[in-house]
Trainee: 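Quick one: the structure is below, and I'll ask about it shortly.
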Amino acid sequence: MKCTEIQELAAAHAAGALSRADAARLEALMAADPDVAAEVADYRNALTSAIGTPSAAATGPSPALRGRILERIAQTPQSRPASDASTPPTGHFVIPHDSDGWISSRVPGF
């Protein structure tokens with residue numbers, strides 16, 4: 001296996017983007033070669049540093065904040081749009097899936 005292939009696998013592994021087969025292959029290489037294991041660890045550390053550690057906001061708001069938000073939503077008057085919901089907005093249209101009414105477009109393949 002080429003060095004660049006190991007680097008590509010290590011980077012994808014750090015991002016969780018490997019297929020099961022490639023992950024198993026890389027893990028076997030890591031078990032057999034400490035340099036490969038170090039390479040994978042370096043990519044994982046670089047990725048963690050680049051994106052930072054998960055913050056509290058990533059897990060959702062606190063129960064108190066969530067309660068205040070839901071209370072505010074409940075107190076806010078909800079209204080429907082003034083237009084008829086069955087009429088799409090200007091510039092938009094819908095073609096039912098069983099319709100033969102395809103419309104030509106200036107964009108190829110669209």
Trainee: Go through the structure and list residues passing side-chain contact (heavy atoms from CB on, under 4.5 Å) with A14, not counting sequence neighbours.
Mentor: Y43, R44, L47

Trainee: Apply the side-chain contact (heavy atoms from CB on, under 4.5 Å) test between L9 and each candidate in V36, V40, L26; give the one that qualifies.
Mentor: L26

Trainee: Just jot down the side-chain contact (heavy atoms from CB on, under 4.5 Å) partners of E27, sequence neighbours excluded, or say none.
Mentor: H13, A23

Trainee: Give the table of side-chain donor-acceptor pairs shorter than 3.5 Å for residues 61-72, with sequence neighbours excluded, one pair per line with atom names and distance.
Mentor:
unit_1	atom_1	unit_2	atom_2	d
S62	OG	L65	N	3.2
E71	OE2	Q75	NE2	3.3

